[in-house]
Chemist: 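Here it is, the structure in full.
Nothing fancy with the numbering, it's 1 onward along the sequence.
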Amino acid sequence: MMGCGFLRFSIRVLLVLLNLICCCRGFDPVDQYYINCGSSTDVVVGNTTYVADSSASRYLSTPQDILADSNLNSITPSDDSQLYRTARIFTGPSRYTFSIRENGRHWIRLHFYPFVYRNYDMNSASFSVFVQRTTLVSDFSPQNASVREYSVNVDRGDLVISFSPSANSFAYVNALEVVSVPNNLIRDDAALFNPPGPFTGLVTRALETVARVNMGGPLVSLVNDTLGRTWVSDRSFLSQPNLATTASNIPAVRYPSGGANSDTAPQTVYGTCTRMNSADDPRSNFNVTWGFRVDRGFQYFIRFHFCDIVSSAANQLLFNVYVGTFLVAPDLELTARTQGRLATPYFMDFVTPSMDVNNLNISIGPSPRSAYPDAFLNGLEIMKISNSRDSLSGESNLPSFPGSKNRVGLIVGVSVGASVALVLAGILFYVHRRRKQERLGHSKTWVPIPVNGETSHTMGSKYSTGTAASVASGLSYRIPFAAVQEATNNFDENLVIGVGGFGKVYKGVLTDGTKIAVKRGNPKSHQGLAEFRTEIEMLSQFRHRHLVSLIGYCDEKNEMILVYEYMENGTVKSHLYGSDLPSLGWKERLEICIGAARGLHYLHTGYAKAVIHRDVKSANILLDENLMAKVADFGLSKTGPEIDQTHVSTAVKGSFGYLDPEYFRRQQLTEKSDVYSFGVVLFEVLCARPVIDPSLPREMVNLAEWAMKWQQKGQLDQIMDSNLVGKIKPDSLRKFGETAEKCLADFGVDRPSMGDVLWNLEYALQLQEAVVQNDPDENSANVIGQLSPRVGEFNNVENSNSVAEFDTSSVDDLSGVSMSRVFSQLVKSEGR
Ligand SMILES: *[C@@H]1O[C@H](CO)[C@@H](O)[C@H](O)[C@H]1NC(C)=O
Ligand SMILES: *[C@@H]1O[C@H](CO)[C@@H](O)[C@H](O)[C@H]1NC(C)=O
Ligand SMILES: *[C@@H]1O[C@H](CO)[C@@H](O)[C@H](O)[C@H]1NC(C)=O
Ligand SMILES: *[C@@H]1O[C@H](CO)[C@@H](O)[C@H](O)[C@H]1NC(C)=O
Ligand SMILES: *[C@@H]1O[C@H](CO)[C@@H](O)[C@H](O)[C@H]1NC(C)=O
């Protein structure tokens with residue numbers, strides 16, 4: 001026993017030490033293989049050892065052992081790299097097998113440099129390369145030196161890279177790398193813009209790096225990138241270089257506490273930009289455009305990196321960002337997304353539709369709403385996404401003619417060629433690796449696309465009875481009253497699935513079989529009309545996988561009908577208490593909270609002006625058939641503060657038990673009011689009880705108050721849902737409790753942003769799932785460090801006072817009741 005205990009102690013000490021070492025070295029990939037192919041000696045490049053794959057290699061299986069050596073001491077540009085001296089030649093199908101210790105995305109980099117070895121002229125080689133079932137290239141003939149970078153999601157177990165020569169040819173490779181990618185570098189929530197909507201499933205797709213560009217700056221080699229990536233200069237991609245100029249202020253760059261960090265892109269990338277050469281001409285009106293080669297039939301992932309190093313003050317510069325001819329970010333104002341701070345990195349992800357041409361233009365241009373015409377871009381990454389056949393090869397969906405192979409090979413060669421020499425130059429050294437625990441936040445946006453100069457209310461949905469064309473054309477989507485009647489069996493009372501202040505909600509089925517939820521407003525309610533409009537406005541502008549989508553609306557005959565996607569599993573609240581639905585597990589609950597946090601984070605940051613939901617509660621978070629959480633009910637939402645203000649003054653609205661005491665006292669609304677309400681939801685999810693329960697003893701009535709007492713004693717486990725007892729890892733519970741506590745800070749400024757909340761919840765999930773990997777205390781400290789200043793003593797008394805003024809004794813569960821009416825009587829406000 002004692003021996004065992006000592007051993008465990010030692011291992012723990014060792015882990016802590018390792019952790020400290022890793023901490024100094026930065027991100028430390030769990031899996032990393034660097035192979036010097038066709039060689040019997042290891043090669044050290046910078047600080048990285050590329051291991052020889054000579055016959056003793058346990059990685060390689062090949063029919064013939066052909067180690068090609070160029071025997072040249074100077075092959076251009078060989079001075080930079082010994083890796084290109086040797087190559088492994090494959091005359092038949094061959095494979096490298098690497099064992100993978102950690103699931104997730106891994107980089108696979110293949111290095112090619114053709115030379116002639118005996119009767120093998122590598123310039124004429126042609127072959128295909130596969131990773132697991134994904135085709136990376138087929139019938140490929142590398143020209144000159146090239147490095148091809150892919151990233152593929154792999155499960156634990158073996159990763160197999162296979163080389164398969166084309167008929168009558170052979171395959172070769174000079175070096176290869178398999179390296180873990182930080183988990184959060186590429187997340188599953190990029191936005192599609194045409195038609196708009198979320199793009200799901202990115203995690204499972206393989207990607208090929210097409211371009212990684214440092215705008216307005218020089219090559220940033222892998223030495224200067226925490227993840228060993230290479231960023232090339234944008235000069236050669238500019239369509240009209242004379243229209244562009246550059247700016248640089250690398251020392252000014254300050255990473256935000258959440259969102260982009262130095263793993264997203266290095267300071268040297270964010271600190272330089274290419275901007276409009278408007279040369280103080282206030283009439284300047286042109287775009288700066290970069291052109292990239294792409295393959296038809298594929299979708300592309302595009303990440304824009306921005307950092308405003310050109311403005312002298314916040315809120316001055318607005319500009320437009322286009323992908324092709326699509327305006328993906330109209331009137332982009334960076335400081336609105338970086339808490340008003342200049343020189344703060346920010347990134348946005350998009351996914352293109354399937355390409356039907358061979359080039360992709362990225363443009364930035366002036367916005368008429370800006371104080372002066374200017375636009376800038378700091379960095380850009382373009383990645384090809386594997387198609388439905390799990391292939392990244394050539395052009396998709398095009399018939400392949402005999403002879404077309406070489407053409408494809410050539411295009412590939414040319415497109416890669418441009419950046420290759422530069423990449424090679426960077427191979428010299430290796431790299432500081434950054435710490436993995438640093439969570440990458442994420443920003444994405446979807447915005448309505450102006451059509452014919454007018455902002456459309458795009459409500460397209462593949463479920464709607466409208467055609468794709470009506471969706472793409474951006475017309476508002478009205479649904480005929482007759483169709484709604486038919487779908488709901490003429491508003492059959494048996495189909496009612498909910499009743500709220502606004503009216504009744506019916507379940508329905510459209511003629512195409514799509515299930516819908518129909519919210520029919522009470523036409524007499526004046527209040528209702530405003531909420532109806534707000535909801536249409538909000539939902540048509542904001543599309544996100546964690547926001548309930550609006551399929552359409554109907555305003556015929558004075559009706560106020562909203563038609564939403566049907567959420568199979570109803571409200572989160574109904575899964576917590578007051579129903580006989582089966583109890584949710586901890587992981588499910590965390591995932592639900594994470595989903596909802598993501599939706600709210602998007603509302604707060606996804607558009608130039610923050611949108612405040614104002615009625616965040618468990619009854620407004622819905623679950624689809626996979627228990628994916630979506631935030632609903634935008635009737636009360638308000639556009640958030642302008643940059644020069646810090647709040648929106650407005651009548652107090654919201655739901656009892658969830659209401660931000662500060663908002664209540666001061667009637668000033670900020671995003672932090674949603675954060676407060678969300679904190680209450682977190683406790684509700686943990687404790688599975690109503691947020692106001694007048695049947696309980698006085699001190700227990702208000703959940704927020706009650707839970708905070710136990711959280712501050714560190715004894716949340718005493719009051720949590722009995723179904724969860726013994727099922728939550730203490731670290732996960734602790735992180736969760738701390739997060740909720742911070743959300744409930746008395747003053748908005750002390751509360752974390754929704755982004756911080758999101759990362760902390762994700763961390764709580766990791767802690768729940770973690771099999772002793774790292775020292776939890778150490779990690780935990782790191783994540784806490786990213787939150788806003790630590791919340792001091794929470795002032796229970798003040799909080800309770802502001803809520804306790806209302807006599808709750810006669811009501812059962814007020815938490816579900818929208819308080820807009822209640823408060824309109826209590827608070828002098830609306831003037832009617
Ligand atoms: C890269 O880092 C080296 C030192 O580590 C520095 O001298 C060099 O200027 C950096 N290059 C760029 C482009 O920042
Ligand atoms: C910039 O490019 C977009 C997309 O091609 C186009 O719609 C817009 O008119 C251009 N703006 C200017 C000023 O040329
Ligand atoms: C991209 O821009 C170039 C030059 O501005 C233009 O010739 C080309 O047609 C554009 N390509 C597409 C697909 O719009
Ligand atoms: C390969 O290199 C040669 C000589 O440097 C050059 O002429 C040729 O254009 C290059 N080919 C490609 C496809 O880049
Ligand atoms: C390589 O290792 C040496 C000593 O181990 C260290 O001083 C140097 O900073 C490292 N260089 C890089 C690029 O990591």
Side-chain angles (χ1 to χ4, degrees), residues 26-27 107 109 147 149 151 181-182 184-187 207 209-238 244-256 258-276 288 290 292 301-311 319 321 329 332 334-335 337-338 341-350 362 364 375-383 418-419 422-423 425-435 438 440-444:
F27 171 72
W107 271 306
R109 297 193 182 101
V147 180
E149 181 187 274
S151 70
V181 175
N184 289 301
L185 188 65
I186 295 176
R187 301 266 298 256
L207 301 172
T209 308
V210 173
R212 184 175 288 126
V213 189
N214 177 23
M215 301 297 172
L219 169 85
V220 176
S221 74
L222 63 177
V223 193
N224 298 49
D225 182 284
T226 55
L227 301 179
R229 296 162 300 189
T230 301
W231 302 74
V232 301
S233 155
D234 67 319
R235 242 11 233 182
S236 61
F237 300 104
L238 277 169
T245 182
T246 62
S248 170
N249 191 356
I250 296 169
V253 175
R254 293 281 174 276
Y255 288 98
N261 64 31
S262 56
D263 281 344
T264 320
Q267 193 165 351
T268 45
V269 169
Y270 280 119
T272 63
C273 69
T274 291
R275 63 191 291 195
M276 270 177 78
V288 174
W290 295 264
F292 299 89
F301 170 84
I302 299 179
R303 174 169 289 180
F304 290 93
H305 296 274
F306 293 103
C307 181
D308 189 346
I309 52 163
V310 307
S311 298
F319 60 96
V321 181
L332 179 64
L334 261 302
T335 51
R337 299 172 185 225
T338 54
R341 282 191 280 271
L342 294 170
T344 304
Y346 180 81
F347 66 100
M348 297 193 303
D349 292 345
F350 293 99
I362 301 291
I364 52 174
F376 65 88
L377 181 60
N378 305 65
L380 181 72
E381 290 173 275
I382 301 181
M383 292 172 204
S419 50
L422 299 172
V423 172
I427 306 283
L428 265 173
F429 304 102
Y430 226 70
V431 177
H432 276 293
R433 301 258 166 203
R434 272 196 49 92
R435 191 179 177 88
E438 283 215 13
L440 267 187
H442 197 72
S443 335
K444 74 249 119 229

Chemist: Which one of Thr274, Val213, Ile382 satisfies the side-chain contact (heavy atoms from CB on, under 4.5 Å) criterion with Trp290?
Modeler: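 Among Thr274, Val213, Ile382, the one that satisfies the side-chain contact (heavy atoms from CB on, under 4.5 Å) with Trp290 is Thr274.
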Chemist: For the OG1 atom of Thr335 and the OH atom of Tyr346, what is their distance to the nearest 0.5 Å?
Modeler: 12.0 Å
Chemist: What closest approach, in Å, do Gln267 and Ile250 show between heavy atoms, and which atom pair accounts for it?
Modeler: NE2-O, 3.0 Å
Chemist: Taking the side chain as every heavy atom from C-beta outward, state whether Phe237 and Leu380 have any atom pair closer than 4.5 Å.
Modeler: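 Phe237 vs Leu380: side chains apart.
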Chemist: Sequence neighbours excluded, which residues qualify as side-chain hydrogen bond (donor to acceptor under 3.5 Å, both in side chains) partners of Asp308?
Modeler: Ser311
Chemist: A side-chain contact here means heavy atoms from C-beta on lying under 4.5 Å apart; do Ile362 and Ile302 qualify?
Modeler: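 Answer yes - side chains close enough.
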Chemist: Could you list the residues that satisfy ring-ring contact (aromatic ring centres under 6.0 Å, His included) with Phe319, not counting sequence neighbours?
Modeler: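 Residues passing ring-ring contact (aromatic ring centres under 6.0 Å, His included) with Phe319: Phe306, Phe376.
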Chemist: Decide yes or no for Asp263 and Tyr255: does some side-chain heavy atom of the first lie under 4.5 Å from some side-chain heavy atom of the second?
Modeler: no
Chemist: Report the C-alpha separation of Asp349 and Arg187 in whole Å, then their side-chain angles, then the decisive distance to 0.1 Å, and conclude whether the side-chain contact (heavy atoms from CB on, under 4.5 Å) test is met.
Modeler: CA-CA 9 Å; Asp349 292 345; Arg187 301 266 298 256; 5.9 Å; no
Chemist: I need the minimum non-hydrogen distance between Arg275 and Ala247, along with the two atoms involved.
Modeler: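 Nearest pair, atom of Arg275 first, then Ala247: CD-CB, 4.1 Å.
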Chemist: Rounded to the nearest 0.5 Å, what separation is found between the CD1 atom of Ile186 and the OG1 atom of Thr264?
Modeler: 11.0 Å
Chemist: Search all heavy atoms of Ala244 against all heavy atoms of Leu238 and return the closest pair with its distance.
Modeler: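 Closest pair (atom of Ala244, atom of Leu238, distance): CB-CD1, 4.1 Å.
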Chemist: Would you say that Pro182 contacts Leu227 through its side chain, given a criterion of any heavy-atom pair below 4.5 Å between the two side chains?
Modeler: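 Contact flag for Pro182/Leu227 side chains = yes.
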Chemist: Does any N or O in the side chain of Thr338 come within less than 3.5 Å of the main-chain N or O of Thr344, such that one atom is a donor and the other an acceptor?
Modeler: no
Chemist: Looking at residues at least two apart in the chain, or sitting in another chain, which of them share a side-chain contact (heavy atoms from CB on, under 4.5 Å) with Arg254?
Modeler: none
Chemist: In Å, rounded to the nearest 0.5 Å, how long is the span from CE of Met215 to OG of Ser248?
Modeler: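 Reported value, rounded in 0.5 Å steps: 15.0 Å.
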Chemist: Should Val321 and Phe350 count as side-chain neighbours, where that means a heavy-atom distance under 4.5 Å?
Modeler: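 Not in contact.
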Chemist: Show the nearest heavy-atom pair for residues Gly217 and Ser233, with the distance to one decimal.
Modeler: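 Scanning both residues completely, I find the closest heavy atoms to be O-CB, 3.4 Å.
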Chemist: Relative to the ring of His305, is the ring of Phe347 parallel (under 30°), tilted (30 to 60°) or perpendicular (over 60°)?
Modeler: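 Rings of Phe347 and His305: tilted, as their planes differ by 30° to 60°.
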Chemist: Can you list the residues that meet the side-chain hydrogen bond (donor to acceptor under 3.5 Å, both in side chains) rule with Thr272, with sequence neighbours excluded?
Modeler: Asn214
Chemist: Let's go through Phe304 and Leu332 carefully: what are the C-alpha distance in whole Å and the side-chain angles of both, what is the deciding distance for side-chain contact (heavy atoms from CB on, under 4.5 Å) to 0.1 Å, and is it a yes or a no?
Modeler: CA-CA 12 Å; Phe304 290 93; Leu332 179 64; over 6 Å; no
Chemist: Measuring from atom CG of Asn224 to atom CG of Leu219, what distance do you get when rounded to the nearest 0.5 angstrom?
Modeler: 8.5 Å
Chemist: For Arg212, give me all partners under salt bridge (Lys or Arg N to Asp or Glu O under 4.0 Å), at least two apart in sequence or on another chain.
Modeler: Glu149, Glu381
Chemist: Can you name the closest pair of heavy atoms from Val310 and Cys273 and give their distance?
Modeler: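 In this case the closest contact between Val310 and Cys273 is CG1-SG, 3.7 Å.
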Chemist: Partners of Pro266 by side-chain contact (heavy atoms from CB on, under 4.5 Å), sequence neighbours excluded?
Modeler: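 Listed in chain order: Val220, Asp225, Arg229, Trp231, Thr268, Val269.
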Chemist: Locate the shortest heavy-atom distance separating Ala343 from Cys307; write the atom from each residue and the value.
Modeler: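 So the two residues come closest at C-SG, 3.3 Å.
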